[in-house]
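What follows is one structure encoded as structure tokens, with my remarks underneath.
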Amino acid sequence: MPETKPKSAKRDILSIVFRLTLTCLVAGLIMGTAFLLTHDAKERNEIQRNEKVMYSLLGYNEQNPAPQSMKMYPIHRYILDENQNLSVGYVIPAMDENSALLVVLDLEGNFVKQYPIAHKFGLQNNNNEDLVVQNTVGASILARFADTILVVTDNGKRTAYILDGKYPGFKTLIHIKMALNDKFDVLGFEVLEHEEDPGLGAEITQPYFKNQFNNRPAEKMKTLEVTKDPMPDDYRNALTGKGNLSNEQKGQILAQHKDDPIYALTGATISSRSVLNGNKAMVKKFVYRIEMLDKVIQSQNIQTVLKN
Amino acid sequence: MSNTLSKKELIARGILSQNPIFKLALSMCPAVGMSTTVVTGLMLGSAVFFVQVFSSLTISLIKNFIHPRIRIPTYTLVIATWVTVIDLVLAAYFPAAYAQMGIFIKLIVAFAIITMRLEMFACKESVSDSVVDGAGMGLGFLIGMVCLGFVRELIGNGTVLGYEIFSFKPFMFFILPCAGFFVVGLMMAFFNWIEARYRARMERKS
């Protein structure tokens, strides 16, 4: 490097700024192009994965596909804010396939009013649909999307619900999907995203932990606790399908342990407790909301496919 | 231009005499973290290969434009660009592989071998030589990762490419991160031993 004099140092800085800026711009352009080119494929993967998780929670897979008579309907929940007066809007499917209803309830669960919407809502909410809801309620009310419940029906009869939820884990948010049957027993849950420690909290995705929640009724979820006791071997084998158990034996063992507390993961009690508390809260809120909504649908005689 | 090696020699240098893992011992942390099986080793190795080749190409193309005082930031910027591209492509078209590699893809930005090759070679030499040199180094890393993955998967888990070779797990210990360093050390010794014997034989002949 030649010795730099004050004058050339100034020119140096200008040259550095110019070259670095240009390099950054070109780099940004390349990354942006790559993002645009791969964005669609990435989104498609996400949707496919979501679908696979949903079907597997309901007990369907490639060998045992879902029946044709099975249908899924979304219920999107919106928070409606009219000058700090909050109410809740549920977008539910109407009788005919291509339209929906926005049912507005106050915070105590009393019916306020309903709007018909001529739009077919998808299973996953998007910005476009948020706009449709906003236009329906008018400019004086602010509509904010809250969450989506999927109602699964078979031959018109409700068979299951799929919930989507995020709750804090040991480190960051844990994103899960949970399925409940029509009597609000937990069918199972699947972790979509988490950042727990590998080997410790990350074990929440393992069958021997997450399957402990299966078949727990909503009523019993309320009082479920975590225990640090070691998990009995027979229960672990039944949960993971190891140890050459026949289906009958497995059922017997699971029935024996059906009222056990949740056995915490070794070295990850906090993660275990977070998952339990998160799941508990999700089930509790869901049951409260769906019962409230059903009561209103019955009492107001709202015309929806969910009425049966 | 000071490069006197032919293209073939450049490739051979990256794989053998200056192998990033067994000779230079660079980027050991991700190498140990991702070489638990052949497949993961192959995946990280290929990602590094692409980033190395593209970064060498880019730096060689813009070598006269880079201000000498901000060489290293520019290298980092270029590497980060290509890592982001690879990251996006893998996430979009190979979601299963991407889920396994997780954070290690993003860590390629800080890989010592890549920065080292840009500083030592690509910023001085011609475009074609730089690409070949990058390919050699990338291949050296890829082959090193696959060798490590093979040994660790076979001894630690009793499988190769997921197929069962032994019905038992000879040494579970080999899957663990600390054992990765032992395997690297043992293989380093093994390669040095072969090289020493080869040299000795050549000398005897001449």
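Note that the coordinates shown come from a computational prediction; the quantities given were computed from them, not determined experimentally. Numbers restart at 1 for each chain; the letters A, B, ... are given by sequence-line order, proteins then strands.
The neighbour count for B:F65 CZ, taken as heavy atoms of other residues, nucleotides or ligands under 6.0 Å away, is above 12. Counting non-hydrogen atoms of other residues, nucleotides and ligands closer than 6.0 Å to CD of B:Q18 gives a total above 12. Crowding of B:E9 atom CD: a count of heavy atoms from other residues, nucleotides or ligands under 6.0 Å exceeding 12. Atom CZ of B:F150 sits in a sparse spot, with 12 or fewer heavy atoms from other residues, nucleotides or ligands closer than 6.0 Å. Heavy-atom neighbours of A:F145 CZ from other residues, nucleotides or ligands within 6.0 Å: above the threshold of 12.
With a threshold of 4.5 angstrom between heavy atoms, A:L22 approaches chain B through side-chain atoms but not through N, CA, C or O. If you measure heavy-atom distances from B:I70 to chain A, the contacts under 4.5 Å come from the side chain alone.
When all heavy atoms of A:N45 and B:A91 are compared, the pair lying nearest together is ND2-O, 3.4 Å.
Interatomic distance, CG of B:L88 versus CE of A:M31, reported as 9.5 Å (0.5 Å rounding). Going from atom CD1 of B:I66 over to atom OG1 of A:T23 covers 7.5 Å, rounded to the nearest 0.5 Å. In this structure, CG in A:D12 is found 3.5 Å from NE2 in B:H67, a value given to the nearest 0.5 Å.
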